[in-house]
**Student:** 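First the structure, which I've put down as structure tokens, then a few questions once you've had a look.
First the proteins, then the strands, lettered A, B, ... as listed; each starts at 1. This structure is a prediction, so every number in the text was calculated from the model and none was measured.
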Amino acid sequence: MRYSRSFIYTLKEEQKEATIVSHNLLLRGGFMVKLASGIYNYLPLGLKVIKKVSQIVREEMDRAGAIEILMAAIQPAELWKESGRWHEYGKELLRIKDRGGRDFVFGPTHEEVVTDIVRKFIKGYKQLPVNLYQIQTKFRDELRPRFGLMRGREFIMKDAYSFDKDEQGMDLSYQKMRDAYNNIFRRCGLNFRSVEADTGSIGGKDSEEFMVLSKTGEDEIVVCDRCDYASNVERATSITEDEPGEEMELKKVATPGKETISDVCEFLGADPKFSAKALVYRNDEGNYFCFFVEGDDELNLIKAMRATGSIEIEMVSDEELENLGLEKGYIGPVNFPNRDVKVLCDYRITKRNNLVVGANEHGFHLVGAKYGRDFECELADLRMVKEGEICPKCKKGRLKKMRGIEVGHIFKLGQKYSKAMNAVFLDENGRAVPFYMGCYGIGIGRTAQAAIEQNHDEFGIIWPISIAPFEIEIVSLDTRSEEIRNYCDSLYELFEKEGLDVLYDDRDERAGVKLNDMDLIGIPIRVIVGKKSFEEGKVELSLRRDRNKEKIDKNSVLDRVKELRDKLYRELEEVRR
RNA sequence: CGGGGCGUAGCGCAGUUUGGUAGCGCACCAGUUUCGGGUACUGGGGGUCGGCGGUUCGAGUCCGCCCGCCCCGACCA
């Protein structure tokens with residue numbers, strides 16, 4: 001591609017819209033431009049990156065035996081009603097009507113559609129297993145779109161769906177996808193970890209997320225410093241060192257005006273660990289719940305939702321609290337005053353012999369409360385794990401918290417959708433069995449942006465060669481010298497002929513402009529042709545990732561460039577970490 | 001959804017307090033200059049001041065409604 005005939009427009013100034021580096025660089029580098037909140041146009045550079053990532057994904061999916069299709073973006077509501085998600089999915093689902101008033105959705109995911117396809121064609125177990133995938137534009141009406149492609153509303157996603165005749169088959173399909181995903185992200189040059197994850201609204205049992213490690217990630221993950229345990233905090237567990245404490249008599253004490261854990265504990269001289277904090281929530285069905293966790297623990301909302309079978313959950317207002325007959329700041333599990341509010345305690349609560357709890361009476365708390373003796377309720381794991389706690393897997397290592405960008409997610413769905421949608425096949429015994437499904441997603445744009453978040457410097461992007469918009473850039477620093485121009489032109493044509501992916505900056509611009517654009521766009525291998533070296537018969541070769549320049553005979557550029565290119569690709573094949 | 005902020009040229013912003021016919025930098029066009037890290041100078045084009053309505057002789061500026069965008073929060077009762 002000749003720069004002068006391309007559609008690449010870089011921006012000098014920081015973009016107000018962007019709050020993280022990768023987003024800023026995508027905009028400034030002319031990779032994309034915003035059309036509306038969370039909706040972007042991909043410009044030629046951005047498109048090339050998208051294509052490169054997609055190609056890697058395709059190769060690995062194909063290699064794993066998956067088959068590419070392309071499903072409809074717009075889907076009839078009937079399918080979503082059949083699966084039950086028409087009501088479950090919430091406001092992120094963009095619902096639209098056609099001229100006849102019929103309901104449709106712009107697909108945020110394709111379980112329903114693919115299940116419908118498969119049930120139409122797969123009738124017997126001999127046709128299984130099958131894994132169908134597509135790379136497609138999806139839409140989720142995000143609560144708060146941000147960070148460019150990281151959390152957009154419209155986004156390009158690879159999604160795959162496996163269908164098996166039994167659970168073992170499903171496990172195998174899942175395993176294959178996990179291997180494929182590891183290959184994909186390694187080939188994209190990313191530093192990532194796979195972690196145990198919550199299944200969210202997709203449903204199902206096991207699931208793993210592929211996280212690109214980055215401080216700007218939206219997800220928090222915990223990893224063990226001794227073994228390979230890694231989990232999203234949403235479902236992470238830990239072993240905590242417990243001290244039961246001394247058993248004491250239950251006593252009511254006046255705590256006027258002390259309504260927060262820290263105030264109460266300070267006032268009573270108690271350790272917050274020996275207190276129970278109450279959190280009252282209402283779920284999507286209008287049911288009320290009161291969760292008790294230890295005073296210095298945090299409630300893990302995802303765990304709370306799972307424990308209550310809720311899809312959405314919201315903290316109740318002070319006003320609602322009052323209507324429920326609950327005293328703000330003095331809520332306690334002993335003689336809990338409202339039967340319509342379901343009470344759940346975190347397991348840790350049961351391990352303390354004496355707790356400070358609210359007395360359900362304004363201005364009073366109870367001390368010495370003990371689970372089983374003074375109160376009982378449903379128990380659940382409700383707490384957020386903390387850094388430094390003991391690994392639940394090896395039982396030795398300590399847990400460390402990190403942040404990650406979720407670029408891939410694989411699930412074992414089981415028969416959730418096939419049952420709901422009556423998608424069945426006949427097994428060896430002629431019995432109708434719902435398919436055992438798995439689903440596997442990769443955010444294509446997000447993967448590209450995560451790569452920038454991990455690979456950049458103060459001047460711009462440093463693309464891994466496998467997903468760079470071009471592999472090589474030739475910069476002609478002196479466009480008025482006919483000799484140099486002819487040389488560059490023929491070098492460019494040679495590269496093209498050799499099948500190298502090359503950008504040739506032939507613009508009549510100042511050297512500084514071109515060199516800055518070169519750094520910003522971040523193409524990994526650069527060939528710089530300037531007057532000084534050229535007169536000595538040399539051109540300059542450098543890699544974007546380091547500042548070293550090598551002067552090389554102008555007639556042996558091709559060989560050296562190919563060498564560098566092969567080296568960069570080889571590095572991505574080697575196992576990381 | 002709650003709170004805060006912003007909307008003036010393609011981008012980044014000033015002007016709004018005190019109403020008087022719109023400006024700066026970058027980008028763009030023409031010319032001169034410069035030529036290995038965003039060159040300097042001269043001249044130029046480009047605006048329904050987010051939209052609608054109101055107040056006023058006169059509104060970017062004051063008032064009302066609406067729209068769009070951004071940030072923070074939505075775990076401690």
**Student:** Where the side chain of A/E298 is concerned, which of B/C35, B/A27, B/C75 is the nearest nucleotide?
**Tutor:** B/C75
**Student:** Report which part of the nucleic acid A/L301 touches: base, sugar-phosphate, or nothing (heavy-atom distance under 4.0 Å, all strands).
**Tutor:** sugar-phosphate
**Student:** Record whether the side chain of A/E540 comes under 3.5 Å of the base of B/G36 through a donor-acceptor pair of N or O atoms.
**Tutor:** yes
**Student:** Measure CG/A/L321 against P/B/C76 and give the value in whole Å, please.
**Tutor:** 12 Å
**Student:** Rounding to a whole Å, what distance do you find between A/I521:CD1 and B/G38:C1'?
**Tutor:** 13 Å
**Student:** Check the phosphate of B/C70 against A/S37, side-chain N and O only, distance under 4.0 Å to OP1 or OP2. Yes or no?
**Tutor:** yes
**Student:** Which nucleotide, in any strand shown, forms a Watson-Crick or G-U wobble pair with B/G10, with both distances under 3.5 Å?
**Tutor:** B/C26
**Student:** Which of the following nucleotides, B/G38, B/C6, B/A77, is nearest to the side chain of A/V280?
**Tutor:** B/A77
**Student:** Between B/G43 and B/C49, how far apart are the C1' atoms? Round to whole Å, please.
**Tutor:** 26 Å
**Student:** In whole Å, what separates the C1' atom of B/G53 from that of B/A59?
**Tutor:** 13 Å
**Student:** Taking atom types as modelled, is there a side-chain donor on A/E453 or A/T216 under 3.5 Å from an acceptor on the other?
**Tutor:** yes
**Student:** Looking across every strand, which nucleic acid part, if any, lies under 4.0 Å from A/T19 by heavy atom: base, sugar-phosphate, or nothing?
**Tutor:** sugar-phosphate
**Student:** State yes or no: are the ring centers of A/Y330 and A/H362 separated by less than 6.0 Å?
**Tutor:** yes
**Student:** B/G38 phosphate, OP1 or OP2: any side-chain N/O from A/K514 under 4.0 angstrom?
**Tutor:** no
**Student:** Just name whichever nucleotide pairs with B/C1, Watson-Crick or G-U, keeping both distances under 3.5 Å, else none.
**Tutor:** B/G73
**Student:** Side chain of A/K277, heavy atoms from C-beta onward: which of B/C69, B/G37, B/C76 has the nearest atom to it?
**Tutor:** B/C76
**Student:** In whole Å, I'd like the distance from the CZ atom of A/R153 to the P atom of B/C69.
**Tutor:** 7 Å
**Student:** CD of A/E458 versus P of B/G38: gap in Å, rounded?
**Tutor:** 14 Å
**Student:** Looking only at the side chain of A/R144 (C-beta and beyond, no hydrogens), which of the listed nucleotides B/C76, B/C11, B/C71 gets closest?
**Tutor:** B/C71
**Student:** Does NZ or CZ of A/R95 lie under 6.0 Å from the centre of the six-membered ring of A/W86, at an angle within 45° of the ring axis?
**Tutor:** yes
**Student:** Please report the distance separating the P of B/C66 from the corresponding atom of B/G47, rounded so that it comes out in whole Å.
**Tutor:** 31 Å
**Student:** Could you tell me whether A/D517 contacts a base, only the sugar-phosphate backbone, or nothing, with contacts defined as non-hydrogen atoms closer than 4.0 Å?
**Tutor:** base
**Student:** Just to be sure I understand the rule, does A/L11 reach a base, reach only the sugar-phosphate, or reach nothing, if contact means heavy atoms closer than 4.0 Å?
**Tutor:** nothing
**Student:** Identify whether any heavy atom of A/G530 sits under 4.0 Å from a base atom; if not, whether one sits that close to sugar-phosphate; answer base, sugar-phosphate or nothing.
**Tutor:** base
**Student:** Measuring only the P atom in each nucleotide, how far is B/G7 from B/G60? A whole number of Å is fine.
**Tutor:** 15 Å
**Student:** If you check every side-chain atom of A/K34, which of B/C70, B/G37, B/G38 has the closest atom?
**Tutor:** B/C70
**Student:** Cation over ring, A/R352 on A/F274, under 6.0 Å and within 45°?
**Tutor:** yes
**Student:** Determine the interatomic distance between P on B/A30 and the same-named atom on B/C72; round to the nearest Å.
**Tutor:** 43 Å
**Student:** Just to confirm, is there a sub-4.0 Å distance from OP1 or OP2 of B/G37 to any side-chain nitrogen or oxygen of A/R510?
**Tutor:** no
**Student:** Does the ring centre of A/Y504 sit less than 6.0 Å away from the ring centre of A/Y3?
**Tutor:** no
**Student:** Heavy atoms only, 4.0 Å cut-off, all strands: where does A/V316 land among base, sugar-phosphate and nothing?
**Tutor:** base
**Student:** Validate the cation-pi geometry between A/K342 and A/Y288: distance from NZ or CZ to the six-membered ring centre under 6.0 Å, angle to the ring axis within 45°.
**Tutor:** no
**Student:** Counting side-chain heavy atoms from CB outward, which of B/G38, B/C11, B/C75 is closest to A/Q15?
**Tutor:** B/C11
**Student:** Answer with base, sugar-phosphate or nothing: what part of the nucleic acid does A/I331 contact at a heavy-atom distance below 4.0 Å?
**Tutor:** nothing
**Student:** With a 3.5 Å cut-off and heavy atoms only, can you find an N or O donor on one side and an acceptor on the other between the side chain of A/S533 and the base of B/G36?
**Tutor:** yes
**Student:** Using only heavy-atom distances, decide whether a donor-acceptor pair under 3.5 angstrom links the side-chain of A/E13 to the base of B/G25.
**Tutor:** yes
**Student:** Expressed in whole Å, how much space separates the P atoms belonging to B/U8 and B/C1?
**Tutor:** 24 Å
**Student:** Sort out for me which residue in A/M518, A/E540, A/R526 forms a side chain to side chain contact (heavy atoms under 4.5 Å, CB included) with A/V475.
**Tutor:** A/M518
**Student:** Both distances under 3.5 Å, Watson-Crick or G-U wobble: report the partner of B/A59, or none.
**Tutor:** none
**Student:** Report the distance from atom CG of A/D508 to atom P of B/A30, rounded to the nearest whole Å.
**Tutor:** 12 Å
**Student:** Roughly, in whole Å, what's the span from NZ in A/K16 to C1' in B/C26?
**Tutor:** 16 Å
**Student:** Figure out the CG/P separation between A/D457 and B/G37, and round it to whole Å.
**Tutor:** 18 Å
**Student:** Could you check whether A/E509 gets within reach of a base, just the sugar-phosphate, or nothing at all, counting any heavy atom under 4.0 Å?
**Tutor:** nothing
**Student:** Is there a donor N/O on one and an acceptor N/O on the other, under 3.5 Å, for the side chain of A/D519 and the base of B/G37?
**Tutor:** yes
**Student:** Provide, to the nearest angstrom, the distance between the CG atom belonging to A/L477 and the C1' atom belonging to B/G38.
**Tutor:** 14 Å
**Student:** Is there a Watson-Crick or G-U wobble partner for B/U17 with both distances under 3.5 Å, and which nucleotide is it?
**Tutor:** none
**Student:** Is the gap between the ring centers of A/Y40 and A/Y42 under 6.0 Å?
**Tutor:** no
**Student:** Please give the distance between the C1' atoms of B/C71 and B/G51 as a whole number of Å.
**Tutor:** 24 Å
**Student:** Tell me whether the centres of the aromatic rings in A/F106 and A/W80 are closer together than 6.0 Å.
**Tutor:** no
**Student:** Is there a side-chain contact between A/Y281 and the phosphate of B/A77, meaning an N or O under 4.0 Å from OP1 or OP2?
**Tutor:** no
**Student:** Quantified in whole Å, what is the P atom distance between nucleotide B/A27 and nucleotide B/G12?
**Tutor:** 15 Å
